[in-house]
Every structure is written in structure tokens, then in C-alpha cells.
Amino acid sequence: MHPIPVFRHRWLPWALLAPQLMVTLVFFVWPALEAIYQAFLVQDPFGMSSRFVWFDNFIQLFEDPKYFESLVSTLVFSAGVTVLSMGLSLLLAVMADGVVRGASVYKMLLVWPYAVAPAIAGILWMFMFDPTIGIVAYALEQIGYHWNHRVNGDEAMLLVVIAAAWKQISYNFLFFLAGLQAIPRSLIEAAAIDGARPFKRFWTIVFPLLSPTSFFLLVVNIVYAFFDTFGIIHAVTHGGPGTSTTTLVYKVYHDGFIGLDLGGSAAQSVMLMLLVGVLTVVQFRYIERKVQY
Amino acid sequence: MATLTLQQIRKTYPNGYRAIHGIDLTVTDGEFIVIVGPSGCGKSSLLRMIAGLETISEGEMKIDDRLINGLEPAQRDIAMVFQNYALYPHMTVYANMAYGLRNRGAPKAQIEEDVQRTAKILELEPLLARKPAQLSGGQRQRVAMGRAIVRDPKIFLFDEPLSNLDAKLRVQMRLEIKKLQRQLGTTAVYVTHDQVEAMTLADRLVVMNGGVVEQIGTPMEIYERPATPFVAGFIGSPAMNFMPGQLHGRQLQMGERMIDMGLTTDYRGSVLVGVRPEHLHREAGAPHRLDMHLSMIEPLGADTLVYGELTEGRENLVARINGHFKAGSENSMRLHFSERDLHIYCEQSGQRLN
Ligand SMILES: Nc1ncnc2c1ncn2[C@@H]1O[C@H](COP(=O)(O)OP(=O)(O)O)[C@@H](O)[C@H]1O
Ligand SMILES: [Mg+2]
């Protein structure tokens, strides 16, 4: 059978695509090209003139120890967010999968955090951990731990990791739950008859069968932690104390808009673009192929 | 090598649904028991209670005098073949078969030996390195069998294991299952809704309906003397014909006809009279006769099925006529039967009277 031509006019498909294309061009392609162009320029401190400097901005970037510090922070942050959010959501999904009564209520409650704006989520966690008025900080004080993420860089990192992971749990939870529910009950029952105790069943049957889901979520979570957590970090720590929670994305903002080093900031953006490209390739290469079993 | 004893087993699901209403059954060592009944009658529920996948609401279940009500599935030393096979999709055929042995901590050499021996019995050797997705339906079925027998369990449980296969493979696997079970001598409980499977496989049949056992017996006992109208209608294909009648002591009245049944019962009243399609003959050899209006003819090759209505009572009737049947211009035919082939049930209680 041949496809039936639905559009008789050449211009109709283009007209229908136009709004989306416009949005993409104006808000994505154009700024991206602008950033690439800016990455090769140096501006004077007052923004009056700029000079074409070839790869100077990139060379400076790679010679800057602060950039590598930021890279390390980003890796720590991403690993923390990914492990915490995937681990917790898997645990929650396994428990929700076993719930018989009121399952939809649990699901709804667990999905709520996803609807909260990142900045608001950040503020929420910041208040809870606020060293002077926060309820969690108060509780920690009672058990003898003095919490102050405004001074302690590790605590600040922990806090943004928790806040960022919390927001991502809903998403992971839904995928894990769907993955779990796609595993036929009879497989688990066969394993039970085959003498595997619950924990063993999980590791030898359930977890391997979830691996396509897990791999997909791994990539999604890394991308999220790398690129989608600006709002949370901005709301909670402003990248501080010092630069302890300045991730690569936050540094782009900080160097460009606070430091006014537009060229350097643009060069960092270009590096991030390359990174997104690589992650996208990884995602398509491996997820399209699915994790084989 | 085991016996299985069920005493007054009942099942009530958490939602309050009562699926099984008190079943007694003793399966002797090495016996092949088939539980047959229409869909939803509680066959799977019963089997899953034996396996330990459902809790037993009431009653006692024993394997070799050992009470198993509270035991985990793994502790019961049973093996089960599921309708969808339930093979572990991420493991090879070898790993699928070895899984149960590994979980029980068998030494590696022993596992290797057991799996190879089982693979040989089932002709699975060339497939050991494959994943289930790379197997045909019949091969998957074999692997599922292999996984069950490799552990040498006390009891095999089968839950409609052949219903996902096409007709030809089903017949072939049916024979193989029977042969294997004979060869291994393992006690087996097999659930199916297919009466041909049930008749051919069973040493003894358990006919279930609505959560109760209607009759237990060998396939031939059940075919020849079905205990209730349900069993009579369920076992045998096409299903038994039923007509109304009146019983006066030893005399059965059907319409104008009086038949001397030679019964010793003193029951008088309305009865249900059953006669199998294959016991209605065209030849005048049998003493009694009836006339039917023809409505449809189905040639099956060896036999011909003739559908129609009883002339005097308008009940639907089927007859299985030997050999070729030439439909003439006449639209009615005369059929003969013997009183020995009649099944008589009390209309109220469903109890068999002859
Ligand atoms: N988990 C359950 N909860 C409630 N009712 C159930 C459950 N499982 C089965 N049933 C009911 O019990 C009856 C018997 O089911 P089942 O044993 O699966 O029948 P069969 O295998 O003979 O088709 C059916 O009416 C079914 O709806
Ligand atoms: Mg069933």
C-alpha cells in the first residue's frame, strides 16, 4: 500500500510546522549560534567593543583550575543526584508495586514533587535546612549536629543534591513502577518455586529485567543533573559557599552575568553543548538498541 | 515419589470471593491427576494452593503425611509449568534450568550433570545457549518442562501448559508429557479446560464446577457413568443430548414411550434423560427409537454429525452417525437407541438414578 498524500499544497506542511520552527529558531538555534560566535570574542569591561581572539577563551578555560574544580563539583553533584534519586525511586516503586489497597493514592502523592517548580522546591528545602529557622537543622541540633550549609561546602553540596534528587524521584518512580508492572507475576512465582528468597528474586530476576528502564533513567538523570538544576542551585546556595556548589551550568551564568566575562562564559556554553551532543549520541546508540537480554 | 492429600480445602480471596468450597482429594504416588472444568471454576486457584502461591483459607494439605499449609513454595519440593511458561527471559536455556538447582546450593558439577541429562531427555542440547526469545513456542514449552523435571521434585504441577500451542504441537506435546511422566514416575497434577487433553492424559480425572468437585474417577468411568448432568454435558464431544422424562419406579416414560429400565429405585417424578450422540444409531439394531427433524449436517470424515430437533419434544438433538451420510430429500430421520445407553438424573437434585 502506498501512503495517501494528505497535503495537496507544498506550503501547508510548512505553515503547520512554522510555530514550532519559529520557537526553536528564536529560542534555541539563534542563541546557540550567538554563543558560538561570542566564544571567539573578548569584550572590554564596559561592553563597548569586542575583539576576535580565535581560541583564546577556550585556552584560558582549560588553564583555569576553577573550571576543573567546577567540573569535579558537577560530577559529584550528578553522581549524588543520580544515585540518590534512582535508588530511592526504585525502592519506592518496589514498595508501591506490592501495595494492593490505595495504590493510586500513593502514586499520586509520589508524583506531586514533579509538578513543583525547581526554584520553589529549592526554597522549600532551603527553609527546612535553614541553620537558624529550619526544622531539619533544628532536629539535627537536638542530636548534637551543628548544620550550617552557608559555611560548610560539603553540607551545601548535600543539600542541593537532596533537593535536586527529590524533584527527580517522581519521574524515576513512574518509569520504575511501569517497568516493574510489566514483569509478569508468573516469573516471580516461578523463581519462588525455584527456591529464590525475595531478595535473591529481586537481584536475579527483577533487577535484570528492569535494566532497560534503569539505563534509560541513568542517562535522563545525568542530563537532568548536569543541565536542569540551575534553578535549584540558584535558589538554595547561589553556587556557594565559595564555589563548592558551582556546577558547570551555574558557572556559565555566574561568569557571564555576574563576572561579565561574556566570551569565557560563551566558551563554557559551547563546551556544554558538545557534552549534550555526546550524551544524546550515547542515549540514541544504546537506548535504541535496548539493553539486550 | 509422593502422595498428595487434600482435606476440605477451601479458598476465600481477600475480596471475599469464595473460589473453592471444600475439596477432598487423594493423589497416590506416581499418579497423573487431571483437574478439568470450565474457565473460572477454580482450577488454577486449587493448583496455586498446592504450589504455595496462594494461601489455603481452610482445610489441610499434606504431601506424604507432612502438613504443608504453612510452607513456602520452595519448601514443598514441587515444580510447576505455567501457561505462559514463565521462562526467565534474560537467562539462557541452561541458566533457566540451572536456576532452581543453584538456589538450592547444588555443587557446580552436579548442576552441569543434571542439566545435561535433562536436556538430553527433552532433546534440548542444541538449544542450551539460547535465550527464550530465540525459541519457538514448542521449544519454550520443552524448556519449561525441563526446568520442572531437572530438580526431580516430588510433584509436578501443570496449569494449562499446552493452551498457547497450535493444535498439532498440542497433540504432540500431550503425548510427550504423558510419556515423560510415566518414565519418571513422578506424581502429577494437571489443570486444563480441554476435555480431550483431560481424557487422554489422566489416570484419574477430577471434574470441577463452580468451586466444587462434581466427580472423581478414571476417564472411562466418567465417560460411561457421569455422576451429574454437568459432568454428562461437559465430558464428551459433541455434548450429551438431554430430554425430559418421567420415572415411575422401573419404568421410564418419554412422551408416549415407556421404557423398562429395570431400575430398583422407587423414585417417581420428573427426570432428565441423557443420551450421547454416538449412542443414537441409524441401524435398527437397538430396541427404542425416536424421530428427529434435520437442520444441519457436519461431515467429519470418519463420522457425520447430524443436528436437528426431536419431533415430539422439540429438544435440540445431535447424533454421531457412522461413516458417510447422504442427505436425502427427506428432512427427518429415525434413530435407534438402547436403554443401556441412557443416563437418568433426578430433575431437582441432579443425582444419578441409574
Ligand atoms: N486473586 C483473586 N482475587 C479474587 N478473585 C480471584 C482471584 N483469583 C481468581 N479469582 C476468582 O476465582 C475464580 C476461580 O479462578 P481460577 O482459579 O483462576 O479459575 P480457572 O483457573 O478454573 O479458570 C474466578 O471467578 C476468579 O475470578
Ligand atoms: Mg486458570
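Numbered from 1 within each chain, the chains take letters A, B, ... in sequence-line order.
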Within a 6.0 Å radius of atom CZ on A:Phe207, are there more than 12 heavy atoms belonging to other residues, nucleotides or ligands?
no
> Taking B:Asn103 for the side chain and A:Asp194 for the main chain, is one N or O donor matched with an acceptor at less than 3.5 Å?
Replying inline: yes
Pair count under 4.5 Å, heavy atoms only, with chain A: among B:Ala86, B:Ala79, B:Pro132, B:Ala148, highest is B:Ala86
Assess whether a salt bridge exists between A:Glu189 and B:Arg48, defined as any Lys/Arg side-chain N lying under 4.0 Å from an Asp/Glu carboxylate O. yes
| message | Is it true that, when you exclude A:Ile120 itself, more than 12 heavy atoms of the residues, nucleotides or ligands shown sit nearer than 6.0 Å to its CD1? | response | no
Got a list of side-chain donor-acceptor pairs under 3.5 Å for residues 35-46 of chain B, not counting sequence neighbours?
from: B:Lys43; atom 1: NZ; to: B:Gly37; atom 2: O; distance (Å): 3.1
from: B:Lys43; atom 1: NZ; to: B:Pro38; atom 2: O; distance (Å): 3.1
from: B:Ser44; atom 1: OG; to: B:Asp159; atom 2: OD1; distance (Å): 3.4
from: B:Ser44; atom 1: OG; to: B:Asp159; atom 2: OD2; distance (Å): 3.1
from: B:Ser45; atom 1: OG; to: B:Tyr13; atom 2: OH; distance (Å): 2.9

### Message
Within the supplied structure, the quantity of interest is the number of heavy atoms (other residues, nucleotides, ligands) at a distance under 6.0 Å from B:Arg104 CZ; does it exceed 12?
### Response
yes
Practice task
Output, in order, the C-alpha distance, side-chain angles, deciding distance and verdict of side chain to side chain contact (heavy atoms under 4.5 Å, CB included) for A:Leu187 and B:Phe82.
Solution key: CA-CA 9 Å; A:Leu187 283 186; B:Phe82 292 82; over 6 Å; no
When the 4.5 angstrom heavy-atom criterion is applied to B:Leu87 and chain A, the contacting part is backbone
Requested in this report: Mark yes when over 12 heavy atoms from residues, nucleotides or ligands other than B:Asp65 sit less than 6.0 Å from its CG; otherwise mark no.
Outcome: no
Output for pair (A:Thr204 OG1, B:Tyr88 OH), nearest 0.5 Å, gives 8.0 Å
When every non-hydrogen atom of B:Ala74 is compared with those of A:Gly195, the smallest separation belongs to CB-CA, 3.4 Å
From the list B:Ala51, B:Gly100, B:Pro73, the residue making the most non-hydrogen contacts under 4.5 Å with chain A is B:Gly100
When rounded to the nearest 0.5 Å, the distance separating CZ of A:Arg185 from CG of B:Leu53 is 9.0 Å
Answer whether the closest heavy-atom distance between the side chains of A:Ile193 and B:Pro153 falls below 4.5 Å. no
Checklist entry - Should we say atom CG of B:Leu67 is surrounded by more than 12 heavy atoms from elsewhere, each under 6.0 Å from it? => result yes
A quick test of your reading: do over 12 heavy atoms of other residues, nucleotides or ligands sit less than 6.0 Å from CZ of A:Phe227?
yes
